[in-house]
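A short worksheet on the structure shown next.
Order of listing sets the numbers, starting from 1, for every ligand and every atom in it.
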Amino acid sequence: MTVITTKVRFILITAIIVMGVALAVQRGEAHKAITSKYTYNDDVFPIFRDRCSRCHVTGGVAPMSLMTYDEAFPWAESIRAELVSAHMPPWNADDGFGDLKRAHTLSPNEIDIILTWATGGNPRGALDQKLPEVALKNEWTMGAPDLALRMPAEFTVAADRMEDTQEVTLATGTTEARWVRAVDLLPGTPSIVRSAVISVKAAQTPPSSSPTPEHVLVRWVPGHDPEPIDSGTAFRLPAGAELVARIHYKKTWQFEGKPLTDRSTVGVYFAQTKDARELLTVPIVSPTLPAGDARDRTVTFSRTIDEDLQALALSPEQVPPNITLQVEAVRPDGSRTPMIRLNTRPDWDRRYWFEHPLTLPRGSKVEVIANLDDPDILSSAFSAPSTPRAPAPVSIVRLALNVVPAQARPIAP
Ligand code: HEC
């Protein structure tokens, strides 16, 4: 659906621009439309290169490259819309609520430059100016992993499919328990590897009032910076553990009707220390969400913490798309600390690490306000006139809070 919409939108935008230019040229006032003091060459390209090129580059996962003027300017209106709604670059957590590591957000100055250019006639700059070529980067950001586990075989997304998922179990072959500080994925075919979840295969843990070991090693999305965990905390990998890699593939419309294959590699980075604290998880689960029209529905739920903990990270585990989640810690004395405000977007779930561990004394509550009002209803007037929205397929909100006990001493795995 989105694919067709995108294509139609692209054609429409191109048509409108071509018409506009033709009219303007006829009237001999092409230059008059340009109000932007910023040009692609001098001002916009450097931002696109730094902030968008991990995905918007030839061979990248995004539907189009933005690395040349000719590729970028037809998308100006779409870029404006994505920036105004804070959909791009994909980060989805609000600035200024909670303190998150490595936020992928644009500065106000960068936003101003792009919006001015996008709405002010999209000037190119000097015609003879040569910009550096930007090539796709597909490499291990943390260097070669200690353990590289390649998918056992190629996976093909068939010609008649736009999306597909493969789930593979990978033997680690380790002979002793190890601490893991980070896990990453190196796509074989970056243009279709849209997201992945890599976990330690483990028996289902029964519901518990205490935190349980975290089995999800990484929620990978394109442009992912693997997060080596700080302060001696790590994931525990039992001897001979198996990993489950669930990879979601998505083709962009250029590849419609073509089969594409991928063979990605999972990279495991062991912690160098002998002793560490194990990263644990506490689920925060909503009651069943009210069904019906997705307007004006706010649901508040919380989880009380039964022991002294430090919270390190939070991830959406199961969330309906296009809702807002605001998470705060409420201490027994009533004081509140913002943790995150998140706008959920399909397929962009990641683990958000707090800049500093948050102390949650026993009796604290982690409170979630879920606003089920779909903000996209407003912008859909632009993107897809009168397309009925599919009902949200997820009827609960489930977040995973990563913690360590406040008193935990580092131990051997
Ligand atoms: C981490 C990868 C990534 C980064 C970084 C990124 N994008 Fe995207 N972008 C995507 C993907 C993938 C899509 C397709 C929609 C989706 O899957 O969510 C997309 C879609 C878009 C669209 C909408 C295209 C359409 O179909 O209408 C625009 C516009 C856009 N991006 C602009 C930008 C700009 C501008 C930046 C940098 C400031 C940026 N993006 C950074 C991955 C990225």
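A donor-acceptor pair is defined here as one N or O able to donate and one able to accept, closer than 3.5 Å; such a pair exists between the side chain of Ser286 and the backbone of Val397.
Looking at Val221 against ligand 1, nothing comes within 4.0 Å, counting heavy atoms. Residue-level proximity to ligand 1 for His104 is absent, since no heavy atom of it falls below 4.0 angstrom. Here Ala81 has no heavy atoms under 4.0 Å from ligand 1, in either its backbone or its side chain. Residue contacts with ligand 1, taken as heavy atom pairs separated by less than 4.0 Å, do not involve Arg54 at all.
Pro145 meets the side-chain contact (heavy atoms from CB on, under 4.5 Å) test with Trp140, Ala148, Tyr269; sequence neighbours excluded.
Side-chain contact annotation: Asn41 with Arg124, donor-acceptor N/O pair under 3.5 Å absent. When only modelled atom types and interatomic distance are considered, Ser65 and Glu71 share a side-chain donor-acceptor pair under 3.5 Å.
Within the structure, the closest approach of His224 to ligand 1 does not fall below 4.0 Å when heavy atoms are considered.
Comparing Cys52, Ala118, Ala72, Pro89 against atom 38 (C) of ligand 1, the shortest heavy-atom distance belongs to Cys52. Residue nearest to atom 1 (C) of ligand 1, selected from Ser53, Pro63, Cys55, Gly223: Cys55 (by heavy-atom distance).
Note: no N/O pair closer than 3.5 Å links Lys250 and ligand 1 by distance alone. Among the atoms of Arg194, some N or O lies under 3.5 angstrom from an N or O of ligand 1. Polar contact check, His56 against ligand 1: a nitrogen or oxygen pair lies under 3.5 Å apart. The shortest N/O to N/O separation between Trp348 and ligand 1 falls below 3.5 Å.
Using a 4.0 Å cut-off to heavy atoms of Trp75, the atoms of ligand 1 that qualify are 24 (C), 25 (C), 27 (O). Heavy-atom proximity to Pro222, at under 4.0 Å, picks out these atoms of ligand 1: 1 (C). Contact atoms of ligand 1 toward Ile79: 29 (C), 35 (C) (distance under 4.0 Å to a heavy atom of the residue).
Counting heavy atoms from C-beta outward, Ile79 and Glu82 have side chains that stay 4.5 Å or more apart. Taking 4.5 Å as the limit, some side-chain heavy atom of Gln326 sits within range of a side-chain heavy atom of Glu328.
Using bins of under 30°, 30° to 60° and over 60° for the plane-to-plane angle, the ring pair Phe73/Tyr69 lands in the parallel bin. Using a 30° and 60° split on the angle between ring planes, Trp117 and Phe48 fall in the perpendicular class, above 60°.
Taking the charged nitrogens against the carboxylate oxygens, Glu167 and Arg246 do have a contact shorter than 4.0 Å, which makes a salt bridge.
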